[in-house]
Undergrad: 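Below is one structure. I have some questions about it.
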Amino acid sequence: MRISVIGCGYLGAVHAACMAELGHDVVGVDVDERKVAELSAGRAPFFEPGLPEVLERATASGRLRFTTDMSEAAGAQVHFVAVGTPQTAGSHAADMTYVDAAVTALLPHLADGDLVVGKSTVPVGTAARLAERVRASSSGADLAWNPEFLREGFAVKDTVSPDRFVYGVPAGAGGERATALLDEVYATALATGTPRLVMDYATAELVKVSANAFLATKISFINAMAEIAEATGADVTQLADAIGHDARIGRKFLNAGLGFGGGCLPKDIRAFQARADELGLESLAFLADVDAVNLRRRAKVVDLTVELVGEVEGARVAVLGVAFKPDSDDVRDSPALDVARALHDRGASVRVHDPEANETARRVAPELDYVADVDSALRDADVVLVLTEWKQFRQLDPAHVAELVAELRIVDARAVLDLGAWRAAGFEARGLGRP
Ligand code: UDX
């Protein structure tokens, strides 16, 4: 099938490459010339395990190309809209500028029978609004909403073989046609038994934002327990293990620590709450607390660091990890980068090492000192902070670190170190929610 993908960021670039991998003939359209040039050369413009291989195969096969020219979307039967919906400056609502601009630019190139498929995370009500515009532009064109649930670091796997497909479609014959077209797009995964749920637009839009709100709430729940544990001498990791054995609760997404960040969870819970406010509903007021607990963890790590070093002005701080999570070079709303910047602002001398995110972080926080390897970050440090749980940081050897640093102090903000082993090696070792 011929497919266009409008927007080639984290979501769109992966989606375009994976659709080509599945055998479709794909054109990716983006307004960013640099991104299009990189992708056209078969290179991923961001770090995502497995993506370079898929891109290389797909571009070499001739089934995948990228362009800045929207008219090249003409001729495709299915047009995925995968542009960003960032947080609006000065408000919590989603900024719909890019979605609206993408649809406006696409409309003149639609033909009878084309299906526009929204993938972006949007406020409920968006699909119905856009569907009217699509139908008005071309007699037989229609719209479906097909949210994605991909996680960075697992984006290729999550796209090719997701947990489930969700199709938001119009009622009646239009819905049946949209469903049939999407089934054709996803035939490979559907053949392996991947569940597929067909529903109306509003429900499909809500599935996405409510899934993210639930995940964020689960993380903030355990981080709230970490605060209680800190006040009572309890251990939040043992608590999570114990409650996680209850299958109704589950252990996944109960890792207490520095909390959630990234391009999705923080802005999505804010936009969801803003949408509920617009609807005159108090239902999501609790998400303000979810957000607040999450942000308090960042402040807590800054406080712990200050407590350990005494005088923060001039203290040499080794920051291990600035990506918002491991296996990513993404620093959007990164808790780790926030902590590093806060300490720098208080006068600390902050030296940062991240296996993949040094360059992305440098672009937004050039004031920090980025070094290419762990040892350079550790050398002469007054305190070491593990802020992103990359595998290489989990495996740090206390004896080796002790040889490099000036003072034996470490903060494990991701609950990945054996604090007992570090203490046995002479470190003053602190964690979050752990005695
Ligand atoms: C998330 C959703 O998981 C995905 O389904 C959606 O499509 C996009 O948003 P992603 O942003 O890639 O994906 O990251 P995710 O793995 O969900 O982690 C989000 C944040 O939560 C990270 O900062 C991570 O460190 C943090 N986290 C996760 C915790 O603090 N504790 C946990 O137990 C799990």
Side-chain angles (χ1 to χ4, degrees), residues 9-12 14-15 46-49 51 82 84-87 94 119-122 146-159 162-166 204-205 207-226 236-237 239-241 243-244 249-272 290-291 293-298 300-301 321-339 354 356-357 386-390 393-394 412-416 431-433:
Y10 278 95
L11 166 60
V14 174
H15 194 69
F46 48 84
F47 177 76
E48 180 61 44
L51 181 60
T85 49
Q87 188 174 330
K119 286 205 89 63
S120 309
T121 303
V122 292
N146 168 223
E148 56 70 36
F149 305 92
L150 69 82
R151 298 158 298 168
E152 290 180 25
F154 302 91
V156 170
K157 183 192 157 287
D158 286 352
T159 303
D163 293 339
R164 76 299 209 187
F165 290 106
V166 169
E205 290 167 319
V207 167
K208 172 64 200 235
V209 283
S210 60
N212 277 357
F214 188 86
L215 294 172
T217 303
K218 203 170 176 192
I219 298 167
S220 278
F221 173 84
I222 202 64
N223 282 330
M225 294 308 113
V236 75
T237 304
L239 183 151
D241 289 344
I243 63 172
I249 296 173
R251 180 64 178 82
K252 287 182 184 162
F253 267 67
L254 277 186
N255 293 325
L258 195 44
F260 59 82
C264 295
L265 297 191
K267 63 113 178 148
D268 286 353
I269 59 165
R270 291 171 196 150
F272 196 14
V290 168
D291 204 0
V293 168
N294 192 54
L295 296 177
R296 279 206 296 272
R297 294 286 81 189
R298 303 178 189 190
K300 174 73 184 180
V301 173
V322 275
F324 84 103
K325 68 173 190 180
D327 294 316
S328 172
D329 64 357
D330 196 346
V331 297
R332 286 177 295 170
D333 208 336
S334 166
L337 187 55
D338 252 14
V339 169
D354 190 285
E356 292 295 337
V386 176
L387 301 185
T388 312
E389 67 275 34
W390 285 92
F393 304 153
R394 291 169 178 265
D412 172 15
R414 290 293 183 181
V416 289
L432 295 179

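Both ligands and their constituent atoms are indexed starting at 1 by order of listing. Because the structure is a prediction, the values reported are computed rather than measured.
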Undergrad: Please enumerate all residues that pass ring pair (Phe, Tyr, Trp, His ring centres under 6.0 Å) together with F46, with sequence neighbours excluded.
TA: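 Applying ring pair (Phe, Tyr, Trp, His ring centres under 6.0 Å) to F46 gives Y10.
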Undergrad: Show me, pair by pair, the donor-acceptor contacts under 3.5 angstrom made by side chains of residues 259-269, not counting sequence neighbours?
TA:
from : atom 1 : to   : atom 2 : distance (Å)
K267 : NZ     : T85  : O      : 3.0
K267 : NZ     : T85  : OG1    : 3.1
D268 : OD2    : N212 : ND2    : 2.8

Undergrad: List the protein residues in contact with ligand 1, where contact means a heavy-atom separation under 4.0 angstrom.
TA: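 If the criterion is a heavy atom under 4.0 Å, then ligand 1 touches E148, F149, L150, R151, E152, K208, N212, L215, I219, F253, L254, N255, G259, F260, G261, C264, L265, F324, K325, R414.
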Undergrad: Can you list the residues that meet the ring pair (Phe, Tyr, Trp, His ring centres under 6.0 Å) rule with F149, with sequence neighbours excluded?
TA: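 F149 satisfies ring pair (Phe, Tyr, Trp, His ring centres under 6.0 Å) with no other residue.
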Undergrad: Please determine whether a side-chain nitrogen of the Lys or Arg among R298 and D333 lies less than 4.0 Å from a carboxylate oxygen of the Asp or Glu.
TA: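 Counted as a salt bridge, because a side-chain N and a carboxylate O are separated by less than 4.0 Å.
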Undergrad: If I take atom CG from residue D291 and atom OG1 from residue T217, how far apart are they, to the nearest 0.5 angstrom?
TA: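 Spacing of CG (D291) from OG1 (T217) equals 10.5 Å.
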Undergrad: Are any of the side-chain nitrogens in E48 or R151 under 4.0 Å away from the carboxylate oxygens of its partner?
TA: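 No salt bridge links E48 with R151.
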